[in-house]
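Written below as structure tokens is the structure these notes are about.
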There are 2 protein chains.
Amino acid sequence: MENENCILRLSRYKNSLLKLRHLGLTRVFSENLADAAGVTAAQVRKDFSILGIRGNRRGGYQVDQLIGQIREILGKDKVHNFVLVGTGNLGKALLRYPGFEKSGIKILASFDIDSVKMEGQTNIPILPLEELDGYIQKKQIQFGIISVPDFAAQQVCQIMIRAGIKGILNFAPIRLQVPEDCVIRNINLETELENIIYFVNAANKEGKQP
Amino acid sequence: MENENCILRLSRYKNSLLKLRHLGLTRVFSENLADAAGVTAAQVRKDFSILGIRGNRRGGYQVDQLIGQIREILGKDKVHNFVLVGTGNLGKALLRYPGFEKSGIKILASFDIDSVKMEGQTNIPILPLEELDGYIQKKQIQFGIISVPDFAAQQVCQIMIRAGIKGILNFAPIRLQVPEDCVIRNINLETELENIIYFVNAANKEGKQP
DNA sequence: TAGATTGTTAATCGATTAACAATC
DNA sequence: TAGATTGTTAATCGATTAACAATC
């Protein structure tokens, strides 16, 4: 019943609610929250309905309580352990990204073929790729981030899957083959930029010949 | 008529076609391409129909020609100039990302409040934020990347818009306010990870109580 | 020509929006 | 109670898929 968009919106509701709480609000109506999150009020109520979140028929929703419920649904009441493979430019940036730790996302270790690429820059160890499989199994890790070059991504993915990873965030610009019990999300920077470029160019052309 | 998903798929078709060409194919049918890109054959034909790409009713599509047409639609026959604002971990990684240059995406300059953050590491200059507005206007740049912390993002966005930027890739975890003639795409790492975590946890629960 | 594949129209599916009865 | 807002059902909208006539 819950679709992907619904859960993506849930993250947005959470962020908007944190902002509204910071502004001093203790209650919101679906209308307020919708405005803050940039969706319709019907969408908010529908999403909450799907997820079993309910408010008060005249009082709307208590901000604190609502944040708590959403956090629980998103699993933010627990810390989730990750491995990261590929400590190039992007991988390094992710290792140093301060937003993860406070958000319950903990990268326990990173891996690279060239494990001496960067030492001591963070307190997250960089281990040789051969240890990836054993590490995941030993620590029972379920989540992985792939930031290796495209030609290496599928192989890394296979190691992860075999070792028990169930969710992968993939930055390599290829479509990874995964069994259906593995959740995957792709971030393809080039595709994102191509999309922006297309629509800006399209608008340019439209403007010129109305 | 062309919707966002259609254009995102177009990038995928392009990538798949490059792979197929590398494998030695000179022609494809909608069926082949669909398989390679992970969509249905009807989807491929529909997308091509929308975009005015046409093949041969028995011979399918010529790979080279098709790649050429898609590249042109995506504007990949030209170089597009960008500015990047925010040279923290992520910004630095993007500046060093080798994939952009070969893909017609050229970051001309980067900006930061602290412009001495990193010198000489790439050949892309890092300039003080005060020069952003003038630089964009002087060079007539249409595209920007925002990789500053959330509290600074809206302000940077406003400078970009005022100076003439029409397309923005935003990594800051907030919803930027932009006029409707400005194209924006957001990449929110935390949201992506939350999504993965949610669906893996959901699958875990399902498995335990069938 | 006969057969295969496109290009397009119609059918289906799913997600969003609107409407309104339930109820605080 | 009267009024306002939720929660849910029905209507709408748009995107994907299926089907098939056109045609190479």
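All of these numbers come straight from a predicted model, not from anything done at the bench. Naming convention: chains lettered A, B, ... in sequence-line order (proteins, then strands); numbering from 1 in each chain.
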- Euclidean distance, atom CD of residue A/Glu31 to atom P of C/dA18 [Å, nearest integer]: 11 Å
- Task: Fit a plane to each ring of B/Phe82 and B/Phe143, take the angle between them on a 0 to 90° scale, and name the class: parallel (under 30°), tilted (30 to 60°) or perpendicular (over 60°).
- Result: parallel
- With a 4.0 Å cut-off on heavy atoms, is B/Arg27 in touch with a base, just the backbone sugar-phosphate, or nothing at all? nothing
- Message: Distance check needed: C/dT16 P versus A/Lys46 NZ, whole Å only.
- Response: 10 Å
- Query: How about A/Arg27: does its CZ atom have over 12 heavy atoms from other parts shown lying under 6.0 Å from it?
  - Reply: no
- Task: Can you figure out which of D/dC24, C/dT6, D/dT6 approaches the side chain of B/Arg58 most closely?
- Result: D/dC24
- Message: If I take atom CD in residue B/Gln43 and atom P in nucleotide D/dA18, what distance separates them, rounded to the nearest angstrom?
- Response: 11 Å
- Between C/dT16 atom C1' and A/Glu4 atom CD, what is the distance in whole Å? 16 Å
- Determine which nucleotide pairs with D/dC24, using a 3.5 Å limit on both distances of a Watson-Crick or G-U wobble pair. C/dG3
- Choosing from C/dG7, D/dT6, D/dT16, which nucleotide comes nearest the side chain of B/Asn5? D/dT16
- Task: Step through the shown structure and confirm whether more than 12 heavy atoms of other residues, nucleotides or ligands are within 6.0 Å of CD on B/Glu72.
- Result: no
- Message: Using a heavy-atom cut-off of 4.0 Å across all strands, would you classify B/Phe48 as base, sugar-phosphate, or nothing?
- Response: nothing
- Which part of the nucleic acid, if any, lies within contact of A/Thr40, taking any heavy atom under 4.0 Å across all strands shown: a base, the sugar-phosphate backbone alone, or nothing? sugar-phosphate
- Atom CZ of A/Arg9 and atom P of C/dT17 are separated, to the nearest Å, by 8 Å
- Any-strand Watson-Crick or G-U partner of C/dT17, both distances under 3.5 Å: D/dA10
- Query: Are B/Asn201 and A/His80 close enough that some pair of their side-chain heavy atoms sits under 4.5 Å apart?
  - Reply: yes
- Task: Can you figure out which of D/dG7, C/dT17, C/dT6 approaches the side chain of B/Phe29 most closely?
- Result: C/dT6
- Between D/dT16, D/dC24, D/dT5, which one does the side chain of B/Arg57 approach most closely? D/dC24
- Task: Please tell me which of the listed nucleotides, D/dC20, C/dC24, C/dT5, lies nearest to the side chain of A/Asn56?
- Result: C/dC24
